[in-house]
Amino acid sequence: GDSVTQMEGPVTLSEEAFLTINCTYTATGYPSLFWYVQYPGEGLQLLLKATKADDKGSNKGFEATYRKETTSFHLEKGSVQVSDSAVYFCALSSFSGGYNKLIFGAGTRLAVHP
Amino acid sequence: NAGVTQTPKFQVLKTGQSMTLQCAQDMNHEYMSWYRQDPGMGLRLIHYSVGAGITDQGEVPNGYNVSRSTTEDFPLRLLSAAPSQTSVYFCASSYTRTGGSYGYTFGSGTRLTVV
């Protein structure tokens, strides 16, 4: 079945460091890909999305490019801030068994220190 | 404020007890769903609804019931709580099944402990 694999955390960085969180997927067809962010004590928020190959999603300085050839959707940010500390989830939308659903990776916790 | 409201935020149950987790949204979204979040496993879909009166099972439905009598509300019922149901539960809604351009809107979660 469809699945999403994320790099394990936690990822610990200093402020202004470069961030990469790896995400690869397995899917039949052409799923849409998402990154969600969960701040402490809150629900998930959509960070960015891409709906077809070579699309680049971007928001709040974060970027991810839909790479069909490598089945990847890695999240990057050039200069992280303490306020970026959160758990990041990669997800894909999958149509199977008669319905669409989001399939999530396990999540990667990011801690940014001053 | 517009969004998805979940209650309660925290709950402790004894094994065998039943309870209902509440979820309400005021965005007139057709699609609502329940997920559980467990360490190292991401979020898994429990049940979902594509409109009032229409519900169906997700990937981990056992031990849970849902109903959708109005567009706004989508309660999740635990019939007989078990320790394996200790988890954080999230309700989510969207305009469409795929989330459309805005994705899903999630509630802030209910942390449930079954002892």
Side-chain angles (χ1 to χ4, degrees), chain A residues 1-10 21 23-27 29-52 55 57-59 62 64 86-109, chain B residues 1-7 9-10 21 23-25 27 29-51 54-61 87-111:
Chain A
D2 296 353
S3 65
V4 175
T5 303
Q6 288 181 239
M7 64 186 290
E8 291 188 18
I21 300 178
C23 171
T24 57
Y25 68 90
T26 302
Y30 303 95
S32 293
L33 302 175
F34 307 83
W35 277 100
Y36 280 83
V37 58
Q38 183 181 29
Y39 297 104
E42 298 183 11
L44 280 71
Q45 302 174 24
L46 178 64
L47 181 60
L48 53 84
K49 67 177 285 187
T51 58
K52 60 183 186 298
D55 265 3
S58 61
N59 186 24
F62 291 90
V87 180
Y88 293 81
F89 291 91
C90 186
L92 65 81
S93 64
S94 171
F95 184 83
S96 66
Y99 65 94
N100 272 308
K101 63 179 180 180
L102 281 181
I103 296 176
F104 288 88
T108 302
R109 183 175 300 277
Chain B
N1 290 337
V4 178
T5 303
Q6 288 185 239
T7 56
K9 292 191 181 301
F10 302 95
L21 308 185
C23 175
Q25 54 92 7
M27 298 171 286
H29 284 172
E30 289 290 333
Y31 186 81
M32 297 185 74
S33 53
W34 277 101
Y35 288 85
R36 58 178 289 172
Q37 182 183 22
D38 300 296
M41 301 186 72
L43 280 76
R44 292 180 292 169
L45 182 65
I46 305 171
H47 284 284
Y48 69 100
S49 168
V50 299
I54 306 170
T55 64
D56 210 340
Q57 297 180 351
E59 58 183 314
V60 288
S87 187
V88 181
Y89 292 85
F90 288 100
C91 181
S93 72
S94 71
Y95 282 111
T96 68
R97 299 186 192 197
T98 60
S101 299
Y102 303 100
Y104 290 75
T105 300
F106 282 82
S108 57
T110 296
R111 184 174 295 274

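The structure presented is a predicted model; accordingly, all values stated were derived computationally and were not measured.
Heavy atoms from other residues, nucleotides or ligands lying under 6.0 Å from OH of A/Y30 number 12 at most. More than 12 heavy atoms of other residues, nucleotides or ligands shown are found within 6.0 angstrom of CZ on B/R44. Counting heavy atoms of neighbouring residues, nucleotides and ligands inside a 6.0 Å radius, atom CD of A/E8 does not exceed 12 of them.
A distance-only check finds no donor-acceptor pair linking the side chain of B/Y104 to the backbone of A/L102 [under 3.5 Å].
Side-chain contact between A/Q38 and B/F90 is present, with at least one heavy-atom pair separated by less than 4.5 Å.
For chain A, the nearby part of B/Q37 is the side chain; its heavy atoms alone come within less than 4.5 Å.
To the nearest 0.5 Å, atoms CD1 (A/I103) and CG (B/L43) are separated by 12.5 Å.
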